[in-house]
Amino acid sequence: MSDERKILVTSALPYANGPIHIGHLVEYLQTDIWVRFQKMRGHRCIYICADDTHGTAIMISAQKKGVTEEEFIAEMSASHQTDFTGFGIEFDNYGSTNSPENLEQCNRVWKSLRDADMVVEEEIEQLFDVEKGQFLADRLVRGTCPKCGSKDQPGDNCGNCGETYSPAELVDPISGLSGTTPEIRKAKHLFVQIEKEHAFLDEWIQSGSVPTESANHLKGSFLNEPLRAWDISRPGPYFGFEIPDSPGNYWYVWFDAPIGYIGSTQQWCDKNGEKLEDWWNSESTEIHHFIGKDIQYFHTLFWPTMLKTAGFSLPTKVHIHGFLGVDGEKMSKSRGTFINASKYLEHLDPNFLRYYYASKLSSRVEDIDLNVDEFVAKVNSDLVGKVVNLASRTAKFAGAVGLSDKYPDDGGLFAEFATAGDPIAEAYEAGDFSKAMRQILELADKANPFVENNAPWELKKDPDKAQQLQDVCSIALNLFRQLSIYLAPVLPDIAEKCGELLGEPITNWEQSKTPLLGTPVNKFKHMMQRVDPKKVQAMIDESVVIEETAPAVIQNFDDSDEALKAEPIEDEISFDDFMKLDLRVARVVEANEVPEAKKLIQLKLSLGGDETRNVFAGVKEAYEPAELVGKLVVMVANLAPRKMKFGVSEGMIIASGSGKKEVYMLSPDEGAVPGQRVH
RNA sequence: GGGGCUGUAGCUCAGUGGUUAGAGCAGGGAACUCAUAAUUCCUUGGUCGUCGGUUCAAGUCCGACCGGCCCUACCA
């Protein structure tokens, strides 16, 4: 450990629009473990994070709550930090993107982009909500497609004809904020031409700073064609920083968020008498970002481009992780598996989750699954049964006499454990925590048989064997101490308790190489409770989100509000509006496989007599063509025809569900005949 | 369709081209009682998705196919 490294580590900045949940924690725990590991190895390592506080969503949430944005983000930041502290996540600095330090760094990066002639301006026609006094993001506008006349289309492209357009081209646009008709206003937007750095990115992506699988993905997608200029401005009002040389315009939240890494570092430097340049402009400092796969292109395309242009160091490594699932499914509020950090802490020990995640995380960009049964079994069996048990079963025999003065012959166990420290450290370094945990548990599996074979409980019965008893316990406790050192990045609490038990704090990895001798052994206290499955269940039960105002009559139905939340009810329409929609009962008379299509089935629908329609329906994953023939369905009969890849579709079948396999066609009760109108 | 990833025991996963493919958990049997119904020992269980190819040698490399996931294009 001669070469001390200087390492700056970040986790993605949590957005100040909601509480921390167990999905977020995959990232923060992973990063915290890595940072603690580096610190134990004697490196200079700082962990930098901040709340990501800007953007439209924050404005809307603050408005809803009736507080200022500043009040809103202050409260959220406090809540985030409480959660992080509760899980033992220790930042060296936790800042905010809404800070003077960050503004200063944004200005600096911005000036560099200007100087490098990376920024272009373009007038864009955008819709303005007069009532709310703000420009509307594309997704906040709906209206009629200018090309095909389909109603209720989003502001960026038509779901019907596929035409892309600007929201200003929509016919009869409606604001999603106020429901009023917005007016067209021109606004100047600023774009960063990252295409200018395409060659640099091609090379950087392959440099080893990005996981291979991500590099391959980027190479085959974004980098395979010219990179689109990045729209980094938003017209006011917008909660963010106003662009100094473009009054009335604000930096888009994704511009100032990553710069928040630097801004928060600046804050830390100011507090600690350090120079920012030593961390962000130094070849001897490593920079490691930990992020989720969903935001990789910000961190692997835009971010390096910004850093390079502004003369900052490039990331040494971008560690990318997958998403968290629970029991094989996405986290779900209705199932109670969307668990907030604070809710977890009400019921369970944070160390359980720290260990469980560590035992699942690898250096690959893979989703991990929190299997509830496995969670209980693994923590109880590995940590309580094997590791902690080692101390629990021997400490009290040694309490009276302490540890032996001379390390006894243990058949090479201590030396073996000490040697194992190197591969374990390698696994930690690579982010392969699951491998590290496996190796540590292998050691624990060698320590327990040692105790078994030397039966201290038998030795205790014979006063002549007192020395032997002390020796056996000294060995077992030293082995336990080695395990605690190796687990310390994951389980700092266990390391601390081990330090208390044996009278010497655990602070450094190298302590695993030398046994403790001749010191007293303190009274053993339980180091970790077993996981109580009942508490896990209680946590899940309390996390279930149900409809608040369910009328008494339907209380027996436990339908969740998930579907409604996913797609809120549309604005009110008049009866005339409704009558424009011509729904008809139709019979499927033909259903053909479209071999090249992934989602579509070609249907011939009969409205009775000779009236038929050719319809492409996106139900391939949910229905077999054969089972559809003869079926009565409900179709939109007067929908404008749409040209699709495999032909023209002349209508739409009514179905519910989120798509893919979750598609449920509606069919009439018996007696209905094709051609009948539905109203 | 294009791009990326993935398929090893009931479950979660290891397996630098080289002896009869491993671990943990779960299952079965026994021992022990120091320990938080902890521990230890023994044991059941796999055509390594399928088919080809390269090689003296393939779970491992290559190709095709089949299945799963993600992004994207066609969810009227």
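- The interatomic distance linking Asn371(A) (CG) with rC11(B) (C1') rounds to 7 Å, in whole Å.
- Comparing Met528(A) and Lys435(A) by the nucleotide of RNA chain B that holds the closest heavy atom to each, the one mapping nearer the 5' end is Lys435(A).
- Here, rU43(B) and rG4(B) have their C1' atoms 43 Å apart, quoted to the whole Å.
- Ring pair Phe298(A)/Trp254(A) is parallel by interplanar angle, where below 30° counts as parallel and above 60° as perpendicular.
- Among the heavy atoms of the strands lying under 4.0 Å from Arg438(A) are primed sugar atoms or P, OP1, OP2 only; no base atom is included.
- Counting only heavy atoms from C-beta on, Pro449(A) has its side chain closest to rU40(B) among rU40(B), rU6(B), rA35(B).
- Separation of the C1' atoms belonging to rU55(B) and rU72(B) is 39 Å when rounded to the nearest angstrom.
- More than 12 heavy atoms of other shown residues, nucleotides or ligands fall within 6.0 angstrom of atom NZ in Lys497(A).
- Taking the C1' atoms as reference points, rG15(B) lies 9 Å from rU60(B), given to the whole Å.
- In this structure, Asn216(A) reaches the rC5(B) phosphate: one of its side-chain N or O atoms is under 4.0 Å from OP1 or OP2.
- Distance Met652(A) CE to rC74(B) C1': 14 Å, rounded to the nearest Å.
- Distance, Phe616(A) CZ to rC75(B) P: 12 Å, rounded to whole Å.
- Rounded to the nearest Å, the gap between the C1' atom of rU39(B) and that of rG49(B) is 39 Å.
- With both pairing distances under 3.5 Å, rU47(B) is matched to nothing as a Watson-Crick or G-U wobble pair.
- Considering all non-hydrogen atoms of both residues, Asp349(A) and Met528(A) come closest at OD2-CG, 4.3 Å.
- Comparing Lys360(A) and Ala617(A) against RNA chain B, the residue whose closest nucleotide sits nearer the 5' end is Lys360(A).
- Note: His217(A) and Phe222(A) have perpendicular aromatic rings, judged against thresholds of 30 and 60 degrees for the angle between ring planes.
- In this structure, Val384(A) reaches the bases: a heavy-atom distance under 4.0 Å links it to at least one base atom across the strands shown.
- Here Phe397(A) lies in heavy-atom contact (under 4.0 Å) with sugar-phosphate atoms only.
- Atom CG in Asp294(A) sits about 16 Å away from atom C1' in rG4(B), given to the nearest Å.
- Here, rC34(B) and rG29(B) have their P atoms 25 Å apart, quoted to the whole Å.
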For nucleotides 24-33 of chain B, print each protein N/O atom paired with a nucleotide N/O atom at under 3.5 Å, atom names and distance only.
| residue | atom | partner | partner atom | Å |
| --- | --- | --- | --- | --- |
| rG24(B) | O3' | Lys386(A) | NZ | 3.4 |

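- Annotation: rU40(B) and rG24(B) have their P atoms spaced 10 Å apart (nearest Å).
- Glu366(A) has its CD atom 12 Å from the P atom of rU12(B), to the nearest Å.
- When both pairing distances are held under 3.5 Å, rG7(B) makes a Watson-Crick or G-U pair with rC66(B).
- Among the atoms of the strands shown, none is found under 4.0 Å from any heavy atom of Lys219(A).
- Put simply, the side chain of Asn380(A) never gets that close to the backbone of Gly385(A): no donor and acceptor are under 3.5 Å apart.
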*Please report the C-alpha distance between Phe417(A) and Leu483(A) in whole Å, then the side-chain angles of each, then the deciding distance to 0.1 Å, and finally whether the side-chain contact (heavy atoms from CB on, under 4.5 Å) criterion is met.*
CA-CA 8 Å; Phe417(A) 277 35; Leu483(A) 297 178; 4.1 Å; yes
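- Shown here, rG22(B) forms a base pair with rC13(B); the pair counts as Watson-Crick or G-U wobble because both key distances fall under 3.5 Å.
- Taking atom P in both rC42(B) and rC48(B), the straight-line distance is 27 Å, to the nearest Å.
- Between Val387(A) and the choices Leu491(A), Leu487(A), Asp382(A), the side-chain contact (heavy atoms from CB on, under 4.5 Å) rule is met once, by Leu487(A).
- Inter-residue side-chain proximity for Val633(A) and Ile654(A) is flagged as unmet; no heavy-atom pair is nearer than 4.5 Å.
- Comparing the same atom, C1', in rC13(B) and in rU19(B) gives a spacing of 24 Å after rounding to whole Å.
- Among the atoms of the strands shown, none is found under 4.0 Å from any heavy atom of Ala395(A).
- Base engagement by Met527(A) is indicated by at least one non-hydrogen atom pair under 4.0 Å involving a base atom.
- Rounded to whole Å, atom C1' of rG10(B) lies 13 Å from atom CG of Asp373(A).
- Computed from coordinates, the Asn224(A) CG to rA73(B) C1' distance equals 15 Å when rounded to whole Å.
- Ionic pairing of Lys360(A) and Glu366(A) is not present here: no N-O contact between side-chain nitrogen and carboxylate oxygen is shorter than 4.0 angstrom.
- Across all strands shown, the partner of rC41(B) is rG29(B), judged by Watson-Crick or G-U wobble contacts whose two distances both fall under 3.5 Å.
- The CG-C1' distance, from Leu390(A) to rA38(B), rounds to 12 Å in whole Å.
- A perpendicular orientation is assigned to the rings of Tyr297(A) and Phe302(A), their planes being inclined by more than 60° (bins at 30° and 60°).
- Residue Val388(A) is in base contact, counting any heavy-atom pair closer than 4.0 Å across all strands shown.
- With distances taken from any side-chain atom of Arg393(A) to the nucleotides rU6(B), rC41(B), rA35(B), the minimum falls on rA35(B).
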